[in-house]
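Worksheet for the structure shown next.
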Amino acid sequence: MQKKRFKMPTAYTILFSIIVLVAILTWIVPAGQYDYVDPNAAKKQPIPNTYHIVERTPQGLKDIAMAPINGFYDAVDVALFVLVIGGFLGIVMKTGAIEAGIANVTRKLKGREKWMIPILMILFSLGGTTFGMAEETIAFYPLLIPVFLAAGYDTITAVSVIMLGAGVGVLGSTVNPFATGIASGFANISIGDGIIFRLLILVLGEAAAILFVMRYAEKVRKDPTKSLVYETLKEDKEHFLAHKEGTEFPELTGKRKIVLYMFAATFIIMVFGVIPFSDIGITAIPTLGWWFGELTALFLVSAILIGLVYGMNEKELTSTFVDGARDLLGVALIIGVSRGITVVMNAGKITDTVLHLGEQTLAGTGSVGFTILSYLFYIPLSFLIPSTSGLATLSMPIMAPLADFAHVARHIVITAYQSASGIVNLITPTSAVVMGGLAIARVSYDKWLKHVWKLLVILMVIIIAVLTVGAL
């Protein structure tokens, strides 16, 4: 009889299990509260050394059942934002503008494949850092693998250009609404806070990744026996260069160019809307102070305008928007379930008890120690909870106030969270993006790990260095 292999439960199961566990803890853990600088403020700041025991309010079965519902009510602005972003991306992807743009660059660089590596990786990184480009990259494997094989490279080179290009972009998310945006919302700070440090990680990380891939690719081109997939290189060429169906991408028409400009303009407006210019000493540019309501409206209006400019009729535009929103319904639900954990903790009055434990643990670690520990803490947590949205929703209500105790800006914790999650998502076997890309390229998982582990070490050094500077 064949033994059943262990399968990692979904994020929903993990998060609901945590709700049950937290509810049980409300019967065991002492209830307590801090005094706050302003109890009515959106960004509540606990006053150190003011923790005191209060009467326990244990949570029962009804509270467990209601937790995801109340969590959804509590995070409805973030969940709606995610759904509208889904609709916006659905319309943009339906126009074919992004695929046409990247395919056009690929065609223009034919014969100069060496320069395709940095240019394409930068383009993919822009997608990663702005809208968390991940699943969207799967379409590019059939296009790019034959191109790189014909140029004398191997399948690992093609996978690296796509997966590391976009993945390091997500790792250095500047305004990615699914990582930075959601985490900022639950930390009660602007998505623009700390953008300089995230931009630094993006630039340094992507530069390291590009040099890493170019060095490997050139080594393979000069001596194919240096390829990690040399034993299958001949088969790969026969397979991919003889089977080019599915590699036709839409043409970059005038309409699609306009869509790309509008797409870029939406994120530029978003940046200007959220960056607190007055806080960083720039008085010439007004600080708009946009929050999720304004950002949701921006992406909704932009989606409609892009659809109309591309020539979609009313029925096509609305159905495409709804389909795009449906694709991210799972993310919105995860946000509700994750927030339910905080709801149970707050109702059971153990949130501040956990904070107090953290305050005592952090005593003496200093701002740099806290920052590095936060980053290292998020790496195993990212394996446990693969949903970046769920992880942000679950952890930020605790980690952000802990940063206050350690005298570290809250945006540093957000940068630690997203960069740790980004590192994990380059290699996690639970990711459909990683395993799907490797499967299309016929690259085994162990070969991918053997190829990428040195870069992961370099990226971790860069991240810890930038976080340290930020903490100081």
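Just so it is clear, the values below take in all heavy atoms, side chains as well, and ignore hydrogens, waters and symmetry mates. Predicted model only: the values in this text are computed from it and were never measured. Sequence positions, counted from 1, serve as the residue numbers for this chain.
- Side-chain polar atoms of Thr266 and Ser302 form a donor-acceptor pair below 3.5 angstrom.
- Closest approach of Ala392 to Pro397, counting heavy atoms only: O-CD, 4.2 Å.
- Here the CG-CZ distance, from Leu329 to Arg326, works out to 9.0 Å after rounding to the nearest 0.5 Å.
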Task: side-chain contact (heavy atoms from CB on, under 4.5 Å) between Arg442 and Phe240, worked out - done: CA-CA 10 Å; Arg442 294 155 53 114; Phe240 288 107; 3.9 Å; yes

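- Note that CD1 of Ile335 is 5.0 Å distant from OG1 of Thr393, once rounded to the nearest 0.5 Å.
- With contacts defined as side-chain heavy-atom distances shorter than 4.5 Å, the pair Phe370/His407 does not qualify.
- The two residues Pro68 and Ile19 have their closest heavy-atom pair at CG-CD1, 4.2 Å.
- Side-chain N or O atoms of Ser431 include one that pairs as donor or acceptor with a backbone N or O of Val434 at under 3.5 Å.
- Considering only heavy atoms from C-beta on, Ile191 comes within 4.5 Å of Met270 through its side chain.
- Using modelled atom types, one side-chain atom of Thr137 and one backbone atom of Ala134 make a donor-acceptor pair closer than 3.5 Å.
- For the pair Thr129 (side chain) and Gly172 (backbone), a donor-acceptor distance under 3.5 Å is present.
- Side chain to side chain, Asn425 and Thr428 fail the donor-acceptor criterion of an N or O pair below 3.5 Å.
- Met133 has its side chain out of reach of Leu126: every pair of non-hydrogen atoms, C-beta onward, lies at least 4.5 Å apart.
- Crowding of Tyr445 atom OH: a count of heavy atoms from other residues, nucleotides or ligands under 6.0 Å exceeding 12.
- Between Met163 and Phe124 the shortest side-chain heavy-atom distance does not fall below 4.5 Å.
- Thr320 and Gly90 get closest at one heavy-atom pair: CG2-O, 3.5 Å.
- By the ring-ring contact (aromatic ring centres under 6.0 Å, His included) test, Phe292 is found to be paired with Phe81, residues two or more places apart in sequence or in another chain being considered.
- The closest donor-acceptor contact from the side chain of Ser125 to the backbone of Ile122 lies under 3.5 Å.
- Note on residues 167-202: pairs passing ring pair (Phe, Tyr, Trp, His ring centres under 6.0 Å), not counting sequence neighbours, are Phe197-His411.
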- [ ] Evaluate the side chain to side chain donor-acceptor pair (under 3.5 Å) criterion for residues Gln418 and Thr388: first the C-alpha distance (whole Å), next the side-chain angles of each, then the deciding distance (0.1 Å), finally the verdict.
- [x] CA-CA 8 Å; Gln418 68 175 46; Thr388 52; over 6 Å; no

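- Side chain of Thr371 to main chain of Ser367: a donor-acceptor pair is present (N/O by atom type, distance under 3.5 Å, no hydrogens or angles).
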TODO: Start with the C-alpha gap between Ile189 and Ile414, add the side-chain angles, then the distance that decides, and say whether side-chain contact (heavy atoms from CB on, under 4.5 Å) holds.
DONE: CA-CA 10 Å; Ile189 61 169; Ile414 290 169; 3.5 Å; yes

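- Taken to the nearest 0.5 Å, the CG atom of Leu333 stands 11.5 Å off from the CG atom of Leu15.
- At least one side-chain heavy atom of Tyr216 sits less than 4.5 Å from a side-chain heavy atom of Leu228.
- In this structure, Thr157 contributes its side chain and Tyr153 its backbone to no donor-acceptor pair below 3.5 Å.
- Taking CG of Leu123 as the reference point, atom CD1 of Ile162 lies at 12.5 Å (rounded to 0.5 Å).
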Expected list for residues 460-472: side-chain donor-acceptor pairs under 3.5 angstrom, two or more places apart:
residue	atom	partner	partner atom	Å
Thr468	OG1	Ile464	O	2.7

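- By the 4.5 Å heavy-atom criterion applied to side chains, Glu99 and Leu143 are not counted as neighbours.
- Interatomic distance, CG of Leu455 versus CD1 of Ile423, reported as 7.5 Å (0.5 Å rounding).
- Side-chain atoms of Ile306 and Val309, non-hydrogen and from C-beta on, never get closer than 4.5 Å to each other.
- You'll find the ring centres of Phe88 and Phe263 inside the 6.0 Å limit.
- Within the 4.5 Å cutoff, no side-chain heavy atoms of Trp291 are placed close to those of Leu295.
- Between the Arg256 side chain and the Thr95 main chain, a donor and an acceptor come within less than 3.5 Å of each other.
- In this structure a side-chain-to-backbone donor-acceptor pair under 3.5 Å is present from Arg198 to Ser173.
- Proximity of a side-chain donor or acceptor of Ser421 to a complementary backbone N or O of Tyr417 within less than 3.5 Å is not detected.
- Judged by distance alone, with hydrogens and angles left aside, the side-chain atoms of Arg410 form a donor-acceptor pair with the main-chain N or O of Ala187 at under 3.5 Å.
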Task: side-chain contact (heavy atoms from CB on, under 4.5 Å) assessment of Leu394 paired with Thr342 - done: CA-CA 7 Å; Leu394 166 66; Thr342 309; 5.8 Å; no

TODO: Assess whether ring-ring contact (aromatic ring centres under 6.0 Å, His included) is satisfied between Phe267 and Phe299, documenting all intermediate values.
DONE: CA-CA 9 Å; Phe267 282 96; Phe299 283 100; 5.5 Å; yes

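- In this structure, Tyr378 and Ser395 approach most closely via the heavy-atom pair OH-OG, 2.7 Å.
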Task: Steps toward side-chain contact (heavy atoms from CB on, under 4.5 Å) verdict (Leu391, Ser382) - done: CA-CA 7 Å; Leu391 181 56; Ser382 298; 3.5 Å; yes

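- Taking all atoms of both residues into account, the shortest heavy-atom contact from Val168 to Leu426 is N-CD2, 4.3 Å.
- Note that CZ of Arg339 and CD1 of Ile334 are 16.0 Å apart. Values are rounded to the nearest 0.5 Å.
- Across every non-hydrogen atom of Pro118 and Ile210, the tightest pair is CB-CG2, 3.8 Å.
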